[in-house]
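Comments concern the structure below.
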Amino acid sequence: MEGKGIIYNLLQLNQNQFISSDNIGNLVCWSIQKLGQEFKMKVDKSKWNNAISKINDTKILFGGQDYIQLINLKEQKIEKSIKVKSNIFSIDLLNDEYFICGDNQGKLAIREINTLDKKIGKTLKDSKEEKNKKEEKNKKDKKEQKDRKISNEIFYCAKRFDDNSFLMCS
């Protein structure tokens with residue numbers, strides 16, 4: 001079994017299949033029994049690590065440089081694709097409706113699976129007052145850290161432990 005691009009990620013789909021993603025925009029479904037490709041489809045090219053998470057045997061979430069996609073493997077098509085302003089390094093399911101993703105800017109987002117939109121709710125959205133306080137604090141912090149080199153965290157891995165907890169590695 002051999003591919004042409006740099007393989008960034010592998011995902012076991014079921015007992016007999018796994019998915020690979022590469023840097024030249026290929027998503028390949030491999031058969032363990034046949035020791036070869038079952039199918040290959042083009043997705044957006046990404047020169048950075050791609051994140052893959054299984055929804056079920058026929059659908060996956062796929063993220064890369066400036067995009068997140070919902071992919072139907074059975075029909076071999078991209079059902080939904082959105083642009084984001086970061087590189088998605090990590091995706092994992094939270095439940096049947098939502099997933100969490102981490103990016104190269106140190107941001108975590110909880111998004112809806114079917115629409116890929118961010119989840120809106122009081123627990124995830126700051127009030128205007130809290131937002132203004134954070135902006136003022138950020139301005140102050142930037143002035144204080146002007147001479148220091150600051151690196152943004154990159155979230156490489158998201159794993160769900162149970163219904164109420166998950167782990168993000170950066």
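- Nearest heavy atoms, Ile32 versus Gln17: CD1-N, 4.3 Å.
- Side chains of Thr115 and Leu70 form no contact here, defined as non-hydrogen atoms less than 4.5 Å apart.
- In this structure, the side chains of Phe18 and Leu13 stay at 4.5 Å or more apart for every pair of heavy atoms.
- Residues Ile68 and Val84 have side chains in contact (heavy-atom distance under 4.5 Å, counting atoms from C-beta outward).
- Between Ser53 and Phe99, every side-chain heavy-atom pair lies at or beyond the 4.5 Å cut-off.
- Between Leu93 and Ile113, some side-chain heavy-atom pair lies under the 4.5 Å cut-off.
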Show your reasoning for whether side chain to side chain contact (heavy atoms under 4.5 Å, CB included) applies to Val43 and Gln69. CA-CA 9 Å; Val43 292; Gln69 297 175 330; 3.6 Å; yes
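- With rounding to the nearest 0.5 angstrom, the CG atom of Leu116 is 7.5 Å from the OG atom of Ser81.
- In plain terms, the two heavy atoms of Asn16 and Asn14 that are nearest each other are N-OD1, 2.8 Å.
- Counting only heavy atoms from C-beta outward, the side chains of Phe39 and Leu73 approach each other to under 4.5 Å.
- With hydrogens and angles disregarded, no donor-acceptor distance shorter than 3.5 Å links the side chain of Asn72 to the backbone of Gln76.
- Side-chain atoms of Arg111 never come within 3.5 Å of backbone atoms of Asp117 as a donor-acceptor pair (strictly under, hydrogens ignored).
- Contact annotation: the side chain of Leu27 approaches that of Ile19 to within less than 4.5 Å [non-hydrogen atoms, C-beta and beyond].
- Here the closest non-hydrogen pair linking Ala51 and Ser90 is CB-N, 3.6 Å.
- Environment of NZ in Lys42: crowded, with over 12 heavy atoms of neighbouring residues, nucleotides or ligands closer than 6.0 Å.
- Rounding to the nearest 0.5 Å places CG of Leu10 at 6.0 Å from OG of Ser20.
- Here Ile52 contributes atom CD1 and Leu11 contributes atom CG; the two are 5.5 Å apart, rounded to the nearest 0.5 Å.
- The closest donor-acceptor contact from the side chain of Asn56 to the backbone of Thr58 lies under 3.5 Å.
- Ile71 has its side chain out of reach of Lys77: every pair of non-hydrogen atoms, C-beta onward, lies at least 4.5 Å apart.
- For Lys59, the salt bridge (Lys or Arg N to Asp or Glu O under 4.0 Å) test picks out Glu79, with sequence neighbours left out.
- For the pair Gly63 and Ile91, the tightest heavy-atom approach, listed with the atom from each and the gap, is N-CD1, 3.8 Å.
- Ring-plane geometry between Phe62 and Tyr67 is classed as tilted, the angle between the planes lying from 30 to 60 degrees on a 0 to 90 degree scale.
- Val28 and Gln37 get closest at one heavy-atom pair: CG1-CG, 3.5 Å.
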Run the numbers on Ile55 and Leu61 for side chain to side chain contact (heavy atoms under 4.5 Å, CB included), then give the verdict. CA-CA 7 Å; Ile55 297 171; Leu61 291 164; 3.8 Å; yes
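- Asp103 places no side-chain N or O within 3.5 Å of a backbone atom of Ile88 that could act as its donor or acceptor partner.
- Distance check, rounded to the nearest 0.5 Å: NZ of Lys54 to CD1 of Ile60 gives 11.0 Å.
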Candidate pair Ser86 and Lys107, rule side chain to side chain contact (heavy atoms under 4.5 Å, CB included), full reasoning: CA-CA 9 Å; Ser86 61; Lys107 295 178 185 171; over 6 Å; no
